[in-house]
J.: 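Here you go, one structure.
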Amino acid sequence: MEDIVQIKYALDTFYFLVCGALVMWMAAGFAMLEAGLVRAKNTTEILTKNVALYAIACTMYLLVGYHIMYSSPEGGIFPSFGVLIGAENTVEDVLAGGDDAPYYSVASDFFFQVVFVATAMSIVSGAVAERMKLFAFLVFAVIMTGFIYPIQGYWKWGSGFLNAAGFLDFAGSGVVHLTGATAALAGVLLLGARKGKYGSNGQINAIPGANLPLATLGMFILWLGWFGFNGGSQLVVSNISDANAVAQIFVNTNAAAAGGLIAGLVVARILFGKADLTMALNGALAGLVAITAEPLTPSGLQATLIGAVGGVIVVFSVLALDKLKIDDPVGAISVHGVVGIWGLLAVCLTNSDATLTAQLMGIVVIFLWVFISSLIVWSIIKLVMGLRVSEEEEYEGVDISECGMEAYPEFTSSKK
């Protein structure tokens, strides 16, 4: 019996670590997607943002974030503050615990959680691309990953008051995706649009990305990583019931992405008369965001439809934000924010434990907390060091002004 318990513990820990590694690989997906959707002259800077934010997220979550999310009394509003992760489980803990025994390593749980906070911060980088100062962004990343994200994460996943109220968010349509998009929205509103994006007479000027093959690769990397994102959130795989659940989550995650991509492509064809690759890419990501709040209870067909609705929503959301002159170069606010809300509401369609009241409460609480706190932090950064590069630096490209090097020197160099 002891051998079986130890094998189950080892298996669940290994499964958690592998899923965490898949989610970590999403950092590469965001980097490639964003690098493909910005102009060539801004590529090095967006890549620097993505690698640096990942390192900052890991460090801040290790120092304070994980403790804030998971060390407070259940049902509370105010989390406690501390440093580092708790003591590791021992063999004696596991064997003596019975039905309440820990079933995976504390360190594996930390690793799985830390890559989630990095995902939330990655959402922000694309929305503020091409005109924000690099170090202004990185200062915000410190506060976002160390405090803003963990506090609202505690309210749901740390058994805080949203969890007690019955708010359901299986893998993070709200806790991760809506949070990242809301922080991005606050930053974009203070930052303003890129020069030339909107004309004085109301016209909207397209600013194409430099590398659509790279953006497509980024989307597929994110699609792959999402299997760890949603599949790992089942937490256990070492028994028949949970193993079946993980398999269903994989199926539904894949189905929702496919549904979102098809819907985005079709709607774009109807609206524009052309197959818009960027809308197809965002459609797939929208499908993934939509199913993240509840990837287990739908059937495969239901997951496809939930993803398809996300794919439709994202196209209209991108167009609507442009009409409002909210400039989001990669569509992150639409994909992760607007569709994140749809995903949270869609839980009520397939999970009998969900209530519309609790889901709306979670949406409102997460949005208000993240938006207000982010707006305050962005405003302070703006006063202290400024958010935006100069007009000349934006025209020349932030690669040179912020990083001193170009990603494609053969094509973008200004040498005579």
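Residue indices begin at 1 and follow the sequence shown.
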J.: Looking only at atom types and distance, does a side-chain atom of Glu393 sit under 3.5 Å from a main-chain N or O of Ser390, one as donor and one as acceptor?
T.: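 Checked: pair present.
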J.: Decide yes or no for Tyr104 and Leu17: does some side-chain heavy atom of the first lie under 4.5 Å from some side-chain heavy atom of the second?
T.: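 The answer is no; the side chains never approach within 4.5 Å.
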J.: Which of parallel (below 30°), tilted (30 to 60°) and perpendicular (above 60°) describes Phe229 and Trp226?
T.: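 Tilted: the ring planes of Phe229 and Trp226 meet at 30° to 60°.
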J.: Measure across Ala268 and Asp276 and return the closest heavy-atom pair with its distance rounded to 0.1 Å.
T.: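 Scanning both residues, the minimum pair turns out to be CB-CB, 3.8 Å.
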J.: Please examine the side chains of Arg131 and Val188, heavy atoms only from C-beta on, and report whether any two atoms are closer than 4.5 Å.
T.: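 Yes, close enough: below the 4.5 Å cut-off.
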J.: Please find the pair of heavy atoms, one from Ala171 and one from Val176, that lie closest to each other, and give the distance.
T.: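 That would be O-CG2, 4.4 Å.
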J.: Give a yes or no on whether the backbone of Leu191 and the side-chain of Arg388 come within a donor-acceptor separation of less than 3.5 Å.
T.: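 Looks like yes, one N/O pair under 3.5 Å.
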J.: How long is the straight-line distance from OG1 of Thr216 back to CG of Asn211, given to the nearest 0.5 Å?
T.: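 Here the interatomic distance stands at 9.0 Å.
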J.: Within the distance-only criterion (no hydrogens, no angle test), does the side chain of Gln152 pair as donor or acceptor with the backbone N or O of Tyr149 below 3.5 angstrom?
T.: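 Pair found, side chain donor or acceptor close to backbone of Tyr149.
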J.: Would one find more than 12 heavy atoms of other residues, nucleotides or ligands at under 6.0 Å from atom CZ of Phe161?
T.: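 Yes, enclosed.
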J.: Test your reading of the model: is there a side-chain donor-acceptor pair from Trp342 to the backbone of Ile306, 3.5 Å cut-off?
T.: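 Between the backbone of Ile306 and the side chain of Trp342 there is a qualifying donor-acceptor contact (under 3.5 Å).
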J.: Once you round to the nearest 0.5 Å, how far does CZ of Phe30 lie from CG of Leu53?
T.: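 CG of Leu53 is found 9.5 Å from CZ of Phe30.
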J.: Output the distance between atom CD (Glu130) and atom CG (Asn42), rounded to the nearest 0.5 Å.
T.: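 The CD atom of Glu130 sits 4.0 Å away from the CG atom of Asn42.
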J.: Report, as yes or no, whether the 6.0 Å neighbourhood of atom CZ on Phe250 holds more than 12 heavy atoms from other residues, nucleotides or ligands.
T.: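 Atom CZ in Phe250 is crowded, with more than 12 foreign heavy atoms closer than 6.0 Å.
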J.: Between the side chain of Trp25 and the main-chain N/O of Leu224, is any donor-acceptor distance below 3.5 Å?
T.: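 No, Trp25 side chain to Leu224 backbone: no donor-acceptor pair under 3.5 Å.
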J.: Determine the minimum heavy-atom distance between Phe112 and Ser233, stating which atoms define it.
T.: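 Nearest heavy atoms, Phe112 then Ser233: CZ-N, 3.7 Å.
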J.: Side-chain contact test, heavy atoms from C-beta onward, threshold under 4.5 Å: evaluate it for Leu387 versus Lys133 and give yes or no.
T.: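 Counting from C-beta outward, Leu387 and Lys133 never come under 4.5 Å.
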J.: Classify the side-chain pair Thr292/Ser173 by whether it contains a donor and acceptor separated by less than 3.5 Å.
T.: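 Their side chains do not contain a donor-acceptor pair, so the 3.5 Å distance test is not met.
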J.: Are any of the side-chain heavy atoms of Ile207 and Lys197 separated by less than 4.5 Å?
T.: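 SC-SC contact between Ile207 and Lys197 confirmed.
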J.: For residues Cys348 and Thr355, determine if any side-chain heavy atom of one lies less than 4.5 Å from a side-chain heavy atom of the other.
T.: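 They are not in contact (no side-chain heavy atoms under 4.5 Å apart), so the answer is no.
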J.: So do Ile143 and Ile381 actually touch side chain to side chain, heavy atoms under 4.5 Å?
T.: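 Result no, sub-4.5 Å side-chain heavy-atom pair not found.
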J.: Distance from Phe137 atom CZ to Met144 atom CE, nearest 0.5 Å?
T.: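 CE of Met144 is found 9.5 Å from CZ of Phe137.
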J.: How long is the span from the CG atom in Leu11 to the CD atom in Gln6, to the nearest 0.5 Å?
T.: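 One finds 13.5 Å between CG of Leu11 and CD of Gln6.
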J.: Assess the residue pair Glu45 and Val38 against the criterion (side-chain contact (heavy atoms from CB on, under 4.5 Å)); give the C-alpha distance rounded to whole Å, side-chain angles, the decisive distance to 0.1 Å, and a yes or no.
T.: CA-CA 10 Å; Glu45 194 263 358; Val38 301; over 6 Å; no
J.: Would a distance-only check, ignoring hydrogens and angles, find a side-chain to backbone donor-acceptor pair under 3.5 Å from Thr182 to Leu178?
T.: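 Answer holds: yes.
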J.: Kindly indicate whether the side chain of Val338, heavy atoms from C-beta on, has any atom under 4.5 Å from the side chain of Val314.
T.: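 They are not in contact (no side-chain heavy atoms under 4.5 Å apart), so the answer is no.
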J.: For the CZ atom on Phe78, are there more than 12 heavy atoms of other groups (residues, nucleotides or ligands in this structure) within a distance under 6.0 Å?
T.: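 Result for CZ/Phe78: open.
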J.: For a quick test of reading the model, state the closest non-hydrogen atom pair linking Phe135 to Glu402 and the distance between them.
T.: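 Closest approach of Phe135 to Glu402: N-OE1, 4.3 Å.
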J.: Thr253 and Asn230: side-chain donor and acceptor closer than 3.5 Å?
T.: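 A pair is found: one side chain offers a donor N or O, the other an acceptor, under 3.5 Å apart.
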J.: For Glu34, check salt bridge (charged side-chain N to carboxylate O under 4.0 Å, His left out) against everything at least two apart and list the hits.
T.: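 Listed in chain order: nothing, the list is empty.
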J.: Can you confirm whether the side chains of Ser241 and Asn239 place a donor and an acceptor under 3.5 Å from each other?
T.: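 Per modelled atom types, Ser241 and Asn239 side chains form no pair under 3.5 Å.
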J.: Relative to each other, are the rings of Phe367 and Phe371 parallel, tilted or perpendicular (30° and 60° limits)?
T.: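 Geometry flag for Phe371 against Phe367: parallel rings.
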J.: With sequence neighbours excluded, tell me which residues meet ring pair (Phe, Tyr, Trp, His ring centres under 6.0 Å) with Tyr70.
T.: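 By the ring pair (Phe, Tyr, Trp, His ring centres under 6.0 Å) rule, Tyr70 matches Tyr66.
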J.: Quick one: CD1 on Ile363 to CE on Met361, what's the gap to the nearest 0.5 Å?
T.: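 So the CD1 of Ile363 and the CE of Met361 are separated by 12.0 Å.
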J.: Is it true that atom CG of Leu383 has more than 12 heavy atoms of other residues, nucleotides or ligands lying nearer than 6.0 Å?
T.: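 Check passes, neighbour count above 12.
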J.: Keeping Gln359 on the side-chain end and Leu344 on the backbone end, is there a donor-acceptor pair under 3.5 Å?
T.: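 Present.
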J.: Is there a side-chain contact between Asn282 and Ser334 in this structure, where contact means two heavy atoms from C-beta onward sitting under 4.5 Å apart?
T.: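 No, too far: nothing below the 4.5 Å cut-off.
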J.: Please answer whether the main-chain N or O of Ala407 pairs with a side-chain N or O of Thr43 as donor and acceptor at a distance below 3.5 Å.
T.: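 No; zero donor-acceptor contacts below 3.5 Å.
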J.: Using atom types as modelled and distance alone, determine if a side-chain donor or acceptor of Tyr15 lies under 3.5 Å from a backbone N or O of Leu235.
T.: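 Yes, Tyr15 side chain to Leu235 backbone: donor-acceptor pair under 3.5 Å.
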J.: For the residue pair Trp157 and Phe116, does the interplanar ring angle fall in the parallel (under 30°), tilted (30 to 60°) or perpendicular (over 60°) class?
T.: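 Trp157 vs Phe116 ring planes: perpendicular.
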J.: Okay, side chain of Tyr54, backbone of Lys49: is any donor-acceptor separation there less than 3.5 Å?
T.: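 Between the backbone of Lys49 and the side chain of Tyr54 there is no qualifying donor-acceptor contact (under 3.5 Å).
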J.: Hey, are Gln248 and Asn252 close enough side-chain-wise for a donor-acceptor pair under 3.5 Å?
T.: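 Yes, Gln248 and Asn252 have a side-chain donor paired with an acceptor closer than 3.5 Å.
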J.: Grab the two heavy atoms, one from Ala52 and one from Leu138, that are nearest each other, plus how far apart they are.
T.: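 What the structure gives for the nearest pair is CB-CD2, 3.7 Å.
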J.: What is the minimum heavy-atom distance between Ala286 and Gly311, and which atoms define it?
T.: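 That would be CB-N, 4.1 Å.
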J.: Who pairs with Phe140 by ring pair (Phe, Tyr, Trp, His ring centres under 6.0 Å), at least two apart in sequence or on another chain?
T.: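 If we apply the ring pair (Phe, Tyr, Trp, His ring centres under 6.0 Å) test to Phe140, skipping adjacent residues, the hits are Trp378.
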J.: Determine, stepwise, if the pair Phe316 / Leu271 fulfils side-chain contact (heavy atoms from CB on, under 4.5 Å).
T.: CA-CA 10 Å; Phe316 287 101; Leu271 294 178; 4.1 Å; yes
J.: Before you tell me yes or no, could you show the steps for Ser159 and Tyr154 under side-chain contact (heavy atoms from CB on, under 4.5 Å), namely the whole-Å CA-CA distance, both residues' side-chain angles and the distance that decides it to 0.1 Å?
T.: CA-CA 6 Å; Ser159 299; Tyr154 155 68; 6.0 Å; no
J.: Do Thr44 and Glu406 get their side chains close enough for a donor-acceptor pair, meaning under 3.5 Å?
T.: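 Absent: no donor and acceptor within the cut-off.
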J.: Please assess Trp155 against Phe167 for the test side-chain contact (heavy atoms from CB on, under 4.5 Å), listing each intermediate value before the final yes or no.
T.: CA-CA 10 Å; Trp155 290 339; Phe167 174 59; over 6 Å; no
J.: Any side-chain donor paired with an acceptor under 3.5 Å for Lys156 and Asn163?
T.: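 Judged by distance alone, the side chains do pair up.
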J.: Is it the case that more than 12 heavy atoms not belonging to Met385 sit under 6.0 Å from its CE atom?
T.: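 Enclosed.
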J.: Do you see a donor-acceptor pair shorter than 3.5 Å between the side chains of Thr297 and Thr350?
T.: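 Yes, a side-chain donor-acceptor pair sits under 3.5 Å.
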J.: Identify whether NZ of Lys or CZ of Arg in Lys41 sits under 6.0 Å from the centre of the six-membered ring of Tyr408 and within 45° of that ring's axis.
T.: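 Relative to the ring axis of Tyr408, which defines the angle, Lys41 lies outside at least one limit.
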